[in-house]
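A quick write-up on the structure given underneath.
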Amino acid sequence: MGGMISAWRSMGQDPSVLKQKVKPGTARRTLAFALPYTGLLAVFLLVVIVDASITIINPLLYRQIINNGILKGNAAIIVHLAIIAGCLGLFDGALGLAQTFLSSKIGAGIVLSLRNRLFQHIQRMPLAFFTRTQTGALVSRLNTDVQGARTAFTDILSNVVGNFITVLLILGAMFVLSWRITLGALVLLPIFVLPARFWGRKLQAITRETYDLAGNMNNLMVERFNVAGALLAKLFGRPEEDARIFQEKAARVSDIGIKMAIYGRLFFTALTVVATVASALVYGWGGILAVHHVLDVGTVVALTVYLARLYAPLVGLSNVQVSVMTALVSFERVFEVLDLPPMIRASPPAVPIAPGPASIEFDHVAFRYPSAAEVSLASLESVAIPDKRPQKTVLHDISFRIAPGQLVALVGPSGAGKTTITHLVPRLYDAQSGAVRISGIDVRDLQLDSLSRRIGVVTQDAHLFHDTIRTNLLYAKPDATDEQIRSALRDAQILDLVESLPDKLDTMVGERGYRFSGGEKQRIAIARLLLKAPDIVILDEATAHLDSESEAAIQRALETALAGRTSIVIAHRLSTILKADEIFVVQNGRIVQRGTHAKLLTETGIYTELYQRQFAEAARNQGPQVV
């Protein structure tokens with residue numbers, strides 16, 4: 001049965017893979033991943049050879065039982081050889097388990113190292129890479145393609161190698177016993193292979209359709225079951241429509257499964273029929289030769305047993321080229337990502353940032369966002385989202401210096417370039433010209449891990465992992481004690497809330513923190529920043545989701561937390577930045593005004609307009625005063 005299953009699986013592989021061209025060296029790189037398992041590979045090949053040899057020995061034992069035992073009336077030989085055959089059968093079963101274990105062990109080990117390398121490599125990719133990728137497709141590359149490489153590699157080990165050795169030994173034994181009957185039996189092979197290839201092509205089409213339909217069904221579930229999608233579905237009140245669409249997709253997946261089952265049964269039936277006809281041929285032809293004393297009866301039986309074990313591995317080997325190419329293509333798809341160099345890399349020899357307050361300097365910086373060709377590959381169309389927008393410079397000749405411990409605010413209309421400026425400090429992107437320096441050192445010459453340790457960022461949309469409050473905070477400082485965590489929560493004005501929860505620090509925050517309000521999420525994110533205690537702090541609308549009372553409390557906490565630290569704050573509400581050492585007004589990618597709050601109010605420009613507009617809105621919201 002195992003041979004028939006492997007033969008069926010090999011017939012179901014997509015032959016279109018043969019039309020693809022893999023890069024030179026892919027096979028060598030693939031084998032390089034197998035080098036640590038050379039010892040296991042040697043043991044595996046030994047097990048395969050021994051297993052195939054047992055396949056040859058058993059029919060010869062049956063031959064002796066018939067010729068020297070049954071026909072000569074020698075019961076002792078019958079019992080002796082029958083016991084040996086039974087023991088060999090048990091040993092053969094054990095070898096089959098060992099063969100499966102070794103091939104799976106080798107394949108799993110190769111895939112584990114490949115998956116780890118791929119994950120670590122993707123982690124080093126720049127932010128622009130992730131802004132141009134579909135998360136589901138990227139995860140599929142990490143999961144499905146790597147798993148496909150494992151399956152293909154394991155199939156080559158357990159099926160191609162094992163089948164080749166088995167077929168070689170069986171044909172050798174059959175030709176020795178009777179070359180005429182062997183050739184006659186092989187004539188029947190095309191009668192099975194040709195229809196099997198037809199069904200194989202049908203199966204390939206069904207398999208591709210199954211993947212597409214299952215993918216569509218999974219996408220629907222992912223979109224409807226994440227928090228944002230579930231909220232949208234409930235707000236628009238279309239559960240019946242969604243259920244109907246899902247039912248249609250699920251029904252098509254079910255129908256295609258029935259088709260696959262039918263083709264599978266047809267394949268196994270055809271294989272059984274051909275084996276039966278071949279056995280009939282051997283018994284008929286061999287029986288006539290035995291009657292004329294050209295062959296003995298034991299040989300006829302041995303040939304029949306050999307034949308029953310021959311067709312499945314032969315069919316499996318008929319698609320050996322497809323199996324090998326499937327493995328190479330799967331590995332190449334993984335290598336494509338591994339070969340994509342991260343844009344953000346430290347120039348050797350990189351140096352760490354000295355601890356303590358640091359200065360920040362922008363020296364005639366110009367920046368544009370990288371194109372898709374700069375951060376991804378054309379061959380990754382299933383992952384990268386093509387961007388046909390013309391490239392344009394978004395920052396123009398930005399120059400300023402922030403002294404150690406200073407607080408600088410960036411204000412201006414949306415889309416002016418404020419967040420982009422802050423992204424250049426922790427090297428989420430690199431400037432095309434000019435230089436960004438920290439403590440006088442170009443950020444491109446700093447160690448990336450040192451840079452991330454010294455800089456803390458809180459964004460407007462604070463992201464929390466689907467885990468506990470404790471785990472989310474420990475992400476900033478893994479060795480933090482519970483007292484340090486509580487202190488950070490206290491400073492972020494949210495300790496009382498956390499302590500009131502039944503599970504306290506072990507409370508699950510939910511996907512993206514949706515179990516908490518926007519302001520609560522923001523305060524947890526601020527606590528995470530306070531726990532990290534970085535030398536440079538960037539706040540990008542960090543108090544945007546807070547009410548006036550909470551905002552005032554957080555402002556007091558931030559004043560204490562930011563004391564002595566170099567800070568950049570982006571804020572639309574000017575009331576939050578009145579105490580900044582300097583304010584930069586950004587418009588159309590340029591700094592058009594700079595100075596303190598008092599100084600900027602004396603000038604005619606964007607800042608005065610923003611301040612007057614917000615002041616007027618605040619007055620309207622406050623309403624008439626009752627005396």
Side-chain angles (χ1 to χ4, degrees), residues 1-10 39-70 74 76-107 154-179 181-182 185-186 189 271-272 275-276 278-279 282-283 286 295-318 320:
M1 178 61 72
M4 288 194 292
I5 292 175
S6 64
W8 172 237
R9 186 164 56 190
S10 70
L40 284 178
L41 282 170
V43 175
F44 170 79
L45 291 176
L46 179 62
V47 170
V48 169
I49 293 173
V50 174
D51 190 31
S53 301
I54 292 177
T55 303
I56 303 303
I57 294 174
N58 264 339
L60 296 179
L61 289 176
Y62 303 151
R63 180 181 180 227
Q64 293 300 317
I65 288 174
I66 294 173
N67 290 341
N68 298 325
I70 297 175
N74 192 332
I77 290 181
I78 294 174
V79 173
H80 180 69
L81 293 178
I83 292 175
I84 294 176
C87 291
L88 285 176
L90 293 174
F91 187 48
D92 183 47
L95 288 176
L97 289 175
Q99 182 176 329
T100 301
F101 170 76
L102 289 171
S103 64
S104 299
K105 178 77 173 176
I106 297 168
T154 304
D155 281 347
I156 290 175
L157 285 180
S158 60
N159 297 329
V160 176
V161 177
N163 287 341
F164 178 77
I165 295 176
T166 300
V167 167
L168 195 64
L169 293 177
I170 289 178
L171 285 178
M174 289 181 67
F175 271 102
V176 170
L177 293 177
S178 174
W179 64 269
I181 292 180
T182 302
L186 290 177
L189 183 62
L271 185 58
T272 302
T276 302
S279 298
V282 173
Y283 275 124
L295 288 179
D296 53 67
V297 177
T299 300
V300 175
V301 173
L303 284 170
T304 305
V305 175
Y306 281 138
L307 199 59
R309 301 180 179 182
L310 179 64
Y311 282 107
L314 270 179
V315 172
L317 286 177
S318 68
V320 61

Reported [atom1]-to-[atom2] distance for the pair [X] and [Y], which is rounded to 0.5 angstrom:
X      : Y      : atom1 : atom2 : result
Phe101 : Ile106 : CZ    : CD1   : 9.5 Å
Leu169 : Phe164 : CG    : CZ    : 9.5 Å
Asn74  : His80  : CG    : NE2   : 11.0 Å
Asn58  : Ile84  : CG    : CD1   : 10.5 Å
Leu168 : Asn163 : CG    : CG    : 12.0 Å
Leu61  : Ile83  : CG    : CD1   : 12.0 Å

Exercise. Could you tell me whether a side-chain N or O of Ser103 sits under 3.5 Å from a main-chain N or O of Thr100, the two making a donor and an acceptor?
Key: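 The answer is yes, because a donor-acceptor pair under 3.5 Å joins these two groups.
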Self-check item: Heavy-atom donor-acceptor pair, Asp92 side chain to Ile54 backbone, under 3.5 Å
Solution: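 No, the answer is negative, given that no donor and acceptor are paired below the 3.5 Å cut-off.
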Quiz item: Going through the checks in order, is the side chain to side chain contact (heavy atoms under 4.5 Å, CB included) test met by Met174 and Leu307?
Solution: CA-CA 8 Å; Met174 289 181 67; Leu307 199 59; 3.9 Å; yes
Practice problem: Begin from the C-alpha positions of Arg63 and Val305 and carry the test side chain to side chain contact (heavy atoms under 4.5 Å, CB included) through to its verdict. | Solution: CA-CA 10 Å; Arg63 180 181 180 227; Val305 175; over 6 Å; no
Quiz item: So Ile65 and Ile70, side chain to side chain contact (heavy atoms under 4.5 Å, CB included) or not? Walk me through it.
Solution: CA-CA 6 Å; Ile65 288 174; Ile70 297 175; 4.2 Å; yes
Heavy atoms only: give me the nearest [X]-[Y] pair and the separation to one decimal.
X      : Y      : result
Ala302 : Pro59  : CB-O, 3.6 Å
Leu95  : Val47  : O-CG1, 3.6 Å
Leu177 : Leu303 : CB-CD2, 3.9 Å

Quiz item: Could you go step by step and tell me if Tyr306 and Ile56 meet the side chain to side chain contact (heavy atoms under 4.5 Å, CB included) rule?
Solution: CA-CA 8 Å; Tyr306 281 138; Ile56 303 303; 3.5 Å; yes
Quiz item: Considering residues, nucleotides and ligands other than Phe91, do more than 12 of their heavy atoms fall under 6.0 Å from its CZ?
Solution: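 No, CZ of Phe91 has 12 or fewer neighbouring heavy atoms, counting only those of other groups under 6.0 Å.
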